[in-house]
Amino acid sequence: MDSNELTSNIIGAAIQVHRELGPGLLESVYEKCLTVEFIERKINFKRQEPIGIQYKQEIISSGLRLDLIVEDSVIIELKSVDKILPIHKAQLLSYLKLSRKKLGLLINFNVEILKDGIVRLAN
């Protein structure tokens with residue numbers, strides 16, 4: 001499956017969750033429900049995957065965790081905020097760089113229409 005098809009499937013799953021639940025809940029609720037959608041759609045994922053930081057020659061245990069990583073290629077950062085801010089995009093770009101992944105989706109569930117809360121970022 002190419003990256004466009006994969007992101008389309010991810011977004012479709014997120015839209016389904018948003019249709020069922022609407023805005024205003026905690027990110028953790030959307031995350032759990034999104035994993036149910038992924039399982040039903042046979043989309044492979046890892047949840048709350050730890051990410052280390054390589055600083056010079058050392059691997060630093062950072063405590064950072066990726067919300068979701070799908071098919072070992074797309075990082076998903078979930079939010080439930082009034083507005084996506086530049087810091088949210090910077091966070092996802094940093095995660096892409098640290099994990100050496102090329103593609104990420106920032107999904108804010110706290111919107112009336114989910115497509116207005118999705119940002120696709122590439123590294």
Side-chain angles (χ1 to χ4, degrees):
M1 172 178 336
D2 71 12
S3 63
N4 287 330
E5 186 178 355
L6 179 56
T7 57
S8 179
N9 286 336
I10 293 167
I11 291 168
I15 288 171
Q16 183 60 39
V17 169
H18 192 263
R19 278 188 188 136
E20 293 284 327
L21 300 177
L25 302 174
L26 296 173
E27 292 168 21
S28 60
V29 172
Y30 295 114
E31 182 180 312
K32 289 175 186 171
C33 293
L34 194 51
T35 63
V36 171
E37 282 296 319
F38 289 163
I39 291 167
E40 287 183 3
R41 295 165 188 247
K42 297 179 175 41
I43 298 172
N44 295 317
F45 67 93
K46 292 179 185 172
R47 185 171 166 229
Q48 292 298 315
E49 187 72 8
I51 184 168
I53 295 174
Q54 182 170 344
Y55 181 76
K56 297 187 177 183
Q57 303 303 322
E58 298 290 322
I59 301 294
I60 309 299
S61 177
S62 65
L64 296 175
R65 294 185 176 274
L66 302 175
D67 288 343
L68 296 161
I69 184 157
V70 178
E71 298 290 348
D72 199 36
S73 63
V74 179
I75 294 174
I76 302 175
E77 180 63 26
L78 301 176
K79 298 292 180 198
S80 184
V81 294
D82 289 335
K83 179 180 173 184
I84 292 177
L85 300 173
I87 191 67
H88 299 133
K89 294 176 186 177
Q91 178 186 23
L92 181 53
L93 286 172
S94 292
Y95 287 170
L96 289 169
K97 180 179 176 183
L98 291 170
S99 66
R100 296 180 179 85
K101 302 296 181 199
K102 303 252 186 251
L103 186 59
L105 291 173
L106 177 57
I107 304 175
N108 180 20
F109 281 91
N110 198 30
V111 292
E112 288 298 318
I113 301 170
L114 190 65
K115 72 178 183 76
D116 295 337
I118 298 174
V119 177
R120 179 180 166 141
L121 296 173
N123 185 21

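All values below come from the heavy atoms of this structure, side chains included, with hydrogens, waters and symmetry mates left out.
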Gap separating the CD1 atom of Ile113 from the CD1 atom of Ile15, nearest 0.5 angstrom: 10.5 Å
Test ring pair (Phe, Tyr, Trp, His ring centres under 6.0 Å) applied to Tyr95 - qualifying residues, sequence neighbours left out: none
Connected via hydrophobic side-chain network under 4.5 Å: Tyr55 and Leu96: yes
Point-to-point distance, once rounded to the nearest 0.5 Å, from CG of Asn110 to NZ of Lys79: 12.5 Å
Whether Ser94 side chain and Ala90 backbone form a donor-acceptor pair below 3.5 Å: yes
Nearest non-hydrogen partners of Lys42 and Glu71, listed with the distance: O-OE2, 4.3 Å
CG-CG distance between Asn4 and Asn9, expressed to the nearest 0.5 angstrom: 11.0 Å
Minimal non-hydrogen separation, Ile84 against Gly117, with atom names: CD1-O, 3.6 Å
Shortest non-hydrogen contact between Gly104 and Leu92, atoms and distance: C-CD2, 3.8 Å
Check against side-chain contact (heavy atoms from CB on, under 4.5 Å), Leu64 and Leu98: CA-CA 10 Å; Leu64 296 175; Leu98 291 170; 4.2 Å; yes
Atom CD1 of Ile59: over 12 foreign heavy atoms under 6.0 Å: yes
Residues that Lys101 engages under side chain to side chain donor-acceptor pair (under 3.5 Å), provided they are two or more places apart: Asp72
Reported CG-to-CG distance for the pair Leu26 and Leu78, which is rounded to 0.5 angstrom: 12.0 Å
Smallest separation among heavy atoms of Ile75 and Ser99, with atom names: CD1-OG, 3.1 Å
Close side-chain approach of Arg47 and Glu31, heavy atoms under 4.5 Å: yes
Shortest non-hydrogen separation from Asn108 to Leu114 and the atoms involved: O-CD1, 3.5 Å
Over all atoms of both residues, closest heavy-atom pair of Val111 and His18: O-NE2, 2.7 Å
Pairwise side-chain contact, Ile10 with Phe38, heavy-atom cut-off 4.5 Å (strictly under): yes
Neighbour count >12 (heavy atoms, 6.0 Å) for atom CG, Asp82: no
Polar side-chain atom of Ser80 near backbone of Phe109 as donor-acceptor pair, under 3.5 Å: no
Student check: side-chain heavy atoms of Gln54 and Arg100 closer than 4.5 Å: yes
Atom pair CD1/CD of Ile11 and Gln16 - distance to nearest 0.5 Å: 14.5 Å
Side-chain heavy-atom pair Glu112, Pro23 within 4.5 angstrom cut-off: yes
Verify same cluster id: Val74, Ile118 (apolar side-chain graph, 4.5 Å): yes
Shared hydrophobic cluster for Tyr30 and Ile69 (ILVMFWY, side-chain gaps under 4.5 Å): no
Residues that Arg120 engages under salt bridge (Lys or Arg N to Asp or Glu O under 4.0 Å), provided they are two or more places apart: none
ILVMFWY cluster, Leu85 and Ile76 together (side-chain gap under 4.5 Å): no
Residue pair Val119 / Lys89, side-chain heavy-atom distance below 4.5 Å: yes
hydrophobic_cluster_shared for Val36 and Val17, side chain cutoff 4.5 Å: no
Leu121 side, atom CG; Leu106 side, atom CG - distance, nearest 0.5 Å: 6.5 Å
pair Leu34-Phe45: side-chain heavy atoms closer than 4.5 Å: no
Ile107 side chain near Asp67 side chain, heavy-atom distance below 4.5 Å: no
